Amino acid sequence: MRLSRYFLPVLKETPADAQIASHRLMLRAGMIKQSSAGIYSWLPLGYKVLKRIEQIVHEEQARAGHIPMLMPTLQSADLWKESGRYDAYGPEMLRIKDRHERDMLYGPTNEEMVTDIFRSHVGSYKDLPLTLYHIQWKFRDEIRPRFGVMRGREFLMKDGYNFDLTKEDALHAYNRHLVSYLRTYERMGLQAIPMRADSGPIGGDDTHEFLVLAETGESEVFYDSEITDLKFGDRQIDYDSVDQCQAVLEEFTSRYARTDETHDEALFNAIPEERRRTARGIEVGQIFYFGTKYSDAMGAVVADRDGTRVPVHMGSHGIGVSRLVGALIEANHDDNGIIWPEGVTPFHCGIVNLKQGDAEADGACESLYAALTVLGLEPLYDDREERAGAKFATMDLIGLPWRITVGPRGLKNGVVELTSRRTGTSEEMPPEAAVAKIADIYAGVL
RNA sequence: CGGGGCGUGGCGCAGCCUGGUAGCGCGACGGUUUUGGGUACCGUAGGUCGUAGGUUCGAAUCCUAUCGCCCCGACCA
C-alpha cells in the first residue's frame, strides 16, 4: 500500500477522552473512531489488525477441529425465555422490539441459539463430539463503557460451543480449548495466563480466564512467578488425544494463578514468598464447562448407544477479538507509539523514502515495494511529500515492526537502512539483503 | 446506577466568575523553503459557542430543562 493512497488519519495531538495508552494510540494512529459510547468504527488500519487476529483465531480453531459458522447478531427473545436467561441477564442485554412488537435482542452471547440449532439437527451420539464456533459482533449494554475497544458495548468475539455425550468428553473439549487458546495467544505475540475464574451469568463449575498482564488491566491478579516461564512453543499436540491435552492443562494450571474474584489468600501464601506476584491483567478469553444447563432447559438430547435420550454436555469458550487489539497495544508500545508483534502487524514493513521526488530514491523504493510484494508481504510505502521526521514519526506511531529507510546518501553507497521498531537498532545493507532479511523474519510467522 | 466533570472551527484549548454577538495552538488549503527525526515563513478557508426554553436593550457567558460524552465507584469478553 502506498500511504499517499491510503486512508490513515493520524492525529498529532491526543484526544482528551482517551485515558489509557491503547485507546490513545488507536485514536492517534487512525485505527478507530468513536461513534457513540462504547461503539467504534474500525478505520482501515484498525480493521486490518482486527482481521489479522481473526485469521489467527480461525486457523487455530481449524487446527483443533472446531467448525466455523455464523449466527445472527439479532435474536428472538423466545429462545432466551426458554433458557430462563431473558429475565436473568438483566439490563446488560439490549432489548429491541420489531415492527410487530416482537421481543428481540442484540445477542450478548449465543448459547441459546446454538443449542437450538443443535437440537434441530442432531439426534444421535454418532454425531458427537461437535464443536461449533463463530466470530460475530456482540452487544452488552455496559453501564459504563471505557478504555476504548477494551470495554466497548459492541465488541467482536469468537465464541464456541462444544456438544459431547458425556462429562468426560466435554472436559476433554474443555482441555482442548485451553491448549488451542494458549497457542492462539502465543501466535499473536501475547502471553495469556489461564487463571481460575468465576462463571458469572454463563453458569457452570469449571472455568478459566486467560489474562494478559498489563498495568492498565482491570482485574487484579495473583500468581506464582513460575507460570510466566511457561511457553507453549512449537510443540505438536494431537488435539484428539485426551492425555496430551490433559497434560498441557495440568502444566499450565497447576501453579497458583487467580484473579481477585477467586483469590485465596491462604493458598497464595503457601507459595514461596519470592515467587508471589500481584499484578493487573486484561481478560482476553474464557472457557467454561457447564454440563447440561442449557441442554436440560432447551431439550438438547441425543440417543445414546442404548437408544436412551440423554441431554448433551456442553461448554462454551470465548476470545475477545476486538479487545485483543487493545490488549496487544497495552502490552506492546512505547512513548512513540505502537509496536506490533509480527503475527498481527497490519503491514509487514514500512518503506520510508527520505527524499520524495529524487529519481534514485523513488526508484529504489519502488523496487523494494515490488520485491516485498512478490514475496507475499505487504509493505506500507510512505511516498508522501513530507519531511523525513514526519515520516519517521508516523511509522513509529502506527508501529510496523520493521522499517526500511531509503535516501540518496545511503543509495550512493548502495545501502538502505533496516530498523527494528522494537529495539530501535538500525543496520545498513543492500536493498536485496533487506528484502531477504524481512522475508526471513516472516517465514516463521506467516 | 451513585458521585464528579465536560460539551466553543477537523483536533487540543482559552473566553464564562465580573453579559456588550469569539480567540489561540495544531491540522487543512495555496505559496516559498528541498529539507535524513513532526522545518520555517507568508497567505487563505473554516465556528456563531450540544439542543430547547427563559431572564435581559443585549447571552458562549446568568437560570431551567434536555441530549451527548468523559472520569471515580459498584458490574462485565
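Values below: all heavy atoms of this structure, side chains included; hydrogens, waters and symmetry mates excluded. Please read these numbers as outputs of a predicted model, since none were measured by experiment.
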Roughly, in whole Å, what's the span from NE2 in H23(A) to P in rC71(B)? 8 Å

With side chain to side chain contact (heavy atoms under 4.5 Å, CB included) as the test, would you mind laying out the steps for K355(A) and D362(A) before giving the verdict? CA-CA 8 Å; K355(A) 194 165 184 181; D362(A) 290 0; over 6 Å; no

Partner of Y106(A) under ring-ring contact (aromatic ring centres under 6.0 Å, His included), chosen from F139(A), F155(A), W80(A), Y89(A): F139(A)

Within the 4.0 Å heavy-atom criterion, would you say D396(A) contacts the bases, only the backbone, or no part of the nucleic acid? base

Using the ring centroid of each side chain, check whether Y223(A) and H263(A) are separated by less than 6.0 Å. no

Can you find a pair of side-chain heavy atoms, one from K33(A) and one from Y40(A), that are under 4.5 Å apart? no

Searching all strands shown, indicate the nucleotide that pairs with rA14(B) (Watson-Crick or G-U wobble; both distances under 3.5 Å). none

Any N/O donor-acceptor pair, R403(A) side-chain to rG37(B) base, under 3.5 Å: yes

What parts of residues 56-82 of chain A reach RNA chain B, counting only heavy atoms under 4.0 Å away? none

Tell me what G424(A) touches on the nucleic acid: a base, only sugar-phosphate, or nothing, going by heavy atoms under 4.0 Å. nothing

Could you check how far CE of M395(A) sits from P of rG38(B), rounded to whole Å? 16 Å

Any R409(A) side-chain nitrogen or oxygen under 4.0 Å from OP1 or OP2 of rG36(B): yes

Rounded to whole Å, please give me the gap between CG in D382(A) and P in rG38(B). 15 Å

Please tabulate, one pair per line, each protein N/O and nucleotide N/O from nucleotides 27-34 of chain B that are separated by under 3.5 Å, including the distance.
| residue | atom | partner | partner atom | Å |
| --- | --- | --- | --- | --- |
| rG27(B) | OP1 | K12(A) | NZ | 3.3 |

Please measure how far the P atom in rC26(B) lies from the corresponding atom in rU66(B), and state the result in whole Å. 41 Å

Please determine if R95(A) forms a cation-pi arrangement with Y86(A), meaning its NZ or CZ atom is less than 6.0 Å from the six-membered ring centre and no more than 45° off the ring axis. yes

Looking at residues 320-331 of chain A, who's got a heavy atom less than 4.0 Å off RNA chain B? R323(A)

At 4.0 Å (heavy atoms only), tell me whether G357(A) reaches a base, stays on the sugar-phosphate, or touches nothing. nothing

Once the angle between the rings of F268(A) and F222(A) is folded into 0 to 90°, is it parallel (under 30°), tilted (30 to 60°) or perpendicular (over 60°)? perpendicular

Suppose we define a pair by two distances each less than 3.5 Å, Watson-Crick or G-U wobble; what does rA52(B) pair with here? rU64(B)

Tell me, do L211(A) and T259(A) make a side-chain contact under 4.5 Å, heavy atoms counted? yes

Taking pairing as Watson-Crick or G-U wobble with both contacts under 3.5 Å, can you name the mate of rC41(B), or confirm there isn't one? rG31(B)

Across all chains, not counting sequence neighbours, the side-chain contact (heavy atoms from CB on, under 4.5 Å) partners of R2(A) are S4(A), R5(A), E366(A), Y369(A), Y381(A), D383(A)

Whichever of G389(A) and T14(A) has the more 5' nearest nucleotide on RNA chain B, that residue is T14(A)

Taking rU55(B) as the reference, what is the distance to rC62(B) when you measure between their C1' atoms (whole Å, please)? 8 Å

Pairing partner of rC1(B) (Watson-Crick or G-U wobble, both distances under 3.5 Å): rG73(B)

For R24(A) and rC71(B), give me the distance from atom CZ to atom C1', rounded to whole Å. 15 Å

What integer distance in Å separates R146(A):CZ from rA74(B):P? 9 Å

Provide, to the nearest angstrom, the distance between the CD1 atom belonging to I143(A) and the P atom belonging to rC69(B). 15 Å

Pairwise C1' distance for rG46(B) and rG9(B), with rounding to whole Å: 5 Å

Measure the distance from CZ on R421(A) to P on rG37(B) and round it to the nearest whole Å. 17 Å

Residue pair I404(A), L372(A): steps toward the side chain to side chain contact (heavy atoms under 4.5 Å, CB included) verdict: CA-CA 11 Å; I404(A) 301 177; L372(A) 288 161; 4.3 Å; yes

P spacing across the pair rC69(B) / rG12(B), given as an integer number of angstrom: 15 Å

Taking atom P in both rU64(B) and rG47(B), what distance in whole Å separates the two? 31 Å

Is it the case that the ring center of F210(A) lies less than 6.0 angstrom away from the ring center of Y185(A)? yes

Taking the side chain of A393(A) as its heavy atoms from C-beta onward, which of rC70(B), rU35(B), rG38(B) lies nearest to it? rG38(B)

Residues two or more places apart in sequence or in another chain: which of them pass salt bridge (charged side-chain N to carboxylate O under 4.0 Å, His left out) with R28(A)? none

Send over the distance from E218(A) CD to rA74(B) P, rounded to a whole Å. 11 Å

Tell me which one of Y6(A), W340(A), Y442(A) satisfies ring-ring contact (aromatic ring centres under 6.0 Å, His included) with F347(A). Y6(A)

Residue matched to rU21(B) through Watson-Crick or wobble contacts both under 3.5 angstrom: none

Would you classify G318(A) as touching base, sugar-phosphate or nothing, given that sugar-phosphate means primed atoms plus P, OP1 and OP2, and contacts are heavy atoms under 4.0 Å? nothing

Using the C1' atom as the reference point in each nucleotide, state the distance between rC42(B) and rU33(B) in Å, no decimals. 11 Å

Give me the distance, rounded to whole Å, that separates rC16(B) from rC6(B) when you measure between the C1' atoms they each carry. 14 Å

Please examine the side chains of Y289(A) and K167(A), heavy atoms only from C-beta on, and report whether any two atoms are closer than 4.5 Å. yes

Looking only at atom C1', what distance separates rG2(B) and rA45(B), rounded to whole Å? 47 Å

Atom pairs, protein N/O to nucleotides 4-8 of chain B N/O, distance under 3.5 Å:
none

Hey, which of these two, M157(A) or P408(A), hits RNA chain B nearer its 5' end, going by closest nucleotide? P408(A)

What orientation do W137(A) and W42(A) show, parallel under 30°, tilted 30 to 60°, or perpendicular over 60°? tilted

Check whether any side-chain heavy atom of M314(A) lies under 4.5 Å from a side-chain heavy atom of T115(A), and answer yes or no. yes

